[in-house]
Amino acid sequence: MNDVARKVAEAAQHMEAPLETRRIDALALGIAERARRRRRMRRVRAGIGVGVLAACVVVVGIAGRGTRTIEMRAVSPEVRAERAAYTFGDGSEAFLAPGGRFGAVVERDDGIAIALEAGGARFAVTPGRRTPFRVEAGPVLVEVMGTRFEVVRLEAQARVTVETGKVRVRWEGGETMLGAGDAGLYPPPPPETEPTDHDHEAAVGPSEAPSASSSRVRQESERRNASMPGRWRAAAREGDFEQAYALLSETGRAEVRDEPGDLLLAADVARLTRHPKEAVAPLRRVLEAFASDPRAPLAAFTLGRVLLEDLGDPRSAAEAFATTRRLDTSTPLAENALAREVEAWFRAGESERARRAAEDFERLFPNGSRGRLVRRYGGLE
Amino acid sequence: MPGGAQSSMPRPNLQLVPSDSDAPSSGREEVSLDPGHPDFLAACFRRYAPYVARIGYRLLGERAEVEDLVQDVFVDAQRGLGQLRDPRAVKAWLSMVAVRRARRRLRARKLARFFGASGGTYEELEAPGASMEQKHLLADAYRALDAVSVDARIAWILRHVEGEDLRTIATACDCSLATVKRRIAAAQLRLDEVLGHE
């Protein structure tokens with residue numbers, strides 16, 4: 001347990017929620033009523049055959065300008081969207097695959113949000129939507145701007161496949177844009193963590209040093225048909241980055257097409273198999289040759305992280321984060337990039353540049369979630 | 001086992017015995033019931049409601065939602081009672097249900113934030129006995145945990161706050177050990193980013 005975890009854990013021991021005897025008795029009595037309420041709601045939903053949102057108020061009104069608005073408040077945690085298909089006000093549609101399950105479906109005049117709890121679903125989003133259409137599948141958020149795409153929720157990831165149009169896929173610490181024909185598994189798996197004191201319990205199997213694992217994968221790949229081009233791509237999109245790296249090593253980097261999708265994927269393969277130096281070239285290539293591509297800001301941000309976190313080059317990292325902001329001024333990525341730029345200048349010993357970047361951050365993102373870190377690194381405290 | 005087995009009495013019923021890691025005894029008498037006994041649910045509720053309330057509070061970070069969560073868990077327990085074979089597994093089973101219920105609430109909260117609903121500030125976290133510094137630390141930590149996936153948040157809290165071992169967490173979260181480790185690492189990364197300079 002590191003120091004942060006220890007301090008938080010110690011403080012959290014004071015978080016008790018004691019229940020007095022009388023309160024326990026009252027809660028016990030309430031259980032039967034709650035169970036009856038649930039049964040009643042299930043009957044209502046079954047009877048009407050639509051996903052009625054329990055504990056939710058639906059208000060339909062005609063606004064003065066003749067615009068019809070539908071407002072839904074307070075999505076209850078008991079929400080179950082039980083239909084297998086939805087058609088929304090603008091004609092966008094959501095279709096659940098067999099075995100799939102929506103957790104919640106919310107349509108408001110400022111957007112549509114759908115939680116995919118299990119399995120797969122297909123979505124057809126009317127082009128030209130003015131408000132977001134979002135699908136949340138576990139740790140992944142898919143935002144669409146008029147497209148047809150599929151999301152399949154797996155255990156800790158989601159597979160996103162785009163038929164037409166573009167989608168932005170976001171997860172903690174990263175995001176990417178997918179175009180027609182693109183597919184991927186997100187979030188990409190992180191590098192294996194170092195064994196900690198907590199790992200003394202028997203694990204699911206004997207642990208292996210990464211080099212032993214990579215060596216075995218390489219040996220396996222020698223037996224495969226190495227003349228099949230692009231297999232590294234399929235392996236990477238399935239999340240098997242070790243295999244993808246081994247295949248790329250076998251077939252040579254010429255397998256990587258000179259276009260942003262492949263370059264970013266190759267960088268991910270290198271980065272996530274603990275070969276960060278080999279991620280730099282494809283990322284730089286995106287910035288040099290495809291700066292106008294919508295994925296270029298992500299390439300710059302990823303380059304910054306590799307340089308800062310993996311290669312110990314904070315000065316170059318700061319420049320990469322600054323590039324991210326030049327290419328993308330408006331999305332949450334820009335805010336993150338500026339915050340990381342402050343940190344990188346700080347770590348490079350450039351306190352004056354860190355301060356200037358921190359002042360920019362305060363001006364551009366006064367309510368930014370990383371303000372505290374930025375003020376500290378930028379010397380503004 | 002209570003009472004011994006007398007030839008004219010029914011077979012001894014299984015006994016709910018607090019484990020070492022349970023909360024201190026409330027002083028109530030131990031209950032001797034088997035899962036088929038009509039008072040089994042009530043006995044479980046009195047014995048384990050405080051435990052469910054505690055882990056629910058620590059997962060959600062919101063005191064106001066705890067009692068609702070406790071009731072939801074035991075309504076589920078009522079429905080799922082037939083699945084329970086071993087009364088010694090009650091606590092572990094209730095943890096699994098509590099985690100599931102907490103996850104739904106946390107996900108609904110996240111969904112609401114997509115539409116601009118303000119996130120919790122956690123400035124009013126109830127933590128009697130904690131110093132002011134600790135309360136601020138907790139507020140920062142819970143805000144940081146709001147930014148990671150719900151699954152990562154749950155795994156981290158079960159590990160580091162509840163002190164559960166990885167296997168127990170994997171069972172409660174219905175996932176593999178490797179996934180538990182990955183989720184804990186993801187949450188720790190975020191906490192280190194936000195709090196690492198403290």
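Scope of the values below: all heavy atoms of this structure, side chains included, with no hydrogens, waters or symmetry mates.
Within the 4.5 angstrom heavy-atom criterion, only side-chain atoms of B:Ala141, from C-beta onward, approach chain A. Contact of B:Glu67 with chain A is made through backbone and side chain together, with heavy-atom distances under 4.5 Å. Of the atoms belonging to B:Val66, it is side-chain heavy atoms, and not backbone ones, that fall under 4.5 Å from chain A.
Taking the side chain as every heavy atom from C-beta outward, A:Glu117 and B:Arg103 never approach each other to under 4.5 Å. In this structure, the side chains of A:Val8 and B:Tyr142 stay at 4.5 Å or more apart for every pair of heavy atoms.
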Side chain to side chain contact (heavy atoms under 4.5 Å, CB included) between A:Glu343 and B:Glu193, intermediate numbers included: CA-CA 11 Å; A:Glu343 179 191 351; B:Glu193 245 177 21; over 6 Å; no
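The candidate from B:Ile157, B:Leu191, B:Val161 with the greatest count of non-hydrogen atom pairs under 4.5 Å with chain A is B:Val161. Counting heavy-atom pairs closer than 4.5 Å to chain A, the top residue among B:Ala170, B:Ala130, B:Gly163, B:Ala152 is B:Ala130. When the candidates B:Val70, B:Ile184, B:Ile55, B:Asp68 are compared by the number of heavy-atom contacts under 4.5 Å with chain A, B:Asp68 comes out ahead. In terms of heavy-atom pairs under 4.5 angstrom with chain A, the leader among B:Ser149, B:Ala127, B:Ala187 is B:Ala127.
The structure places CE of A:Met15 at 10.0 Å from CZ of B:Arg63, a figure rounded to the nearest 0.5 Å. The distance from the NZ atom of B:Lys135 to the NE2 atom of A:His14 is 9.5 Å, given to the nearest 0.5 Å. Here the straight-line distance linking atom CG of B:Leu138 with atom CD of A:Gln13 works out to 10.0 Å at 0.5 Å rounding.
For the pair A:Glu16 and B:Arg58, the salt-bridge criterion is met [side-chain N within less than 4.0 Å of a carboxylate O].
Taking a 6.0 Å sphere around CD of B:Glu133, one finds it holds 12 or fewer heavy atoms contributed by other residues, nucleotides or ligands.
For the residue pair A:Leu116 and B:Arg107, the shortest heavy atom distance occurs at O-NH2, 4.0 Å.
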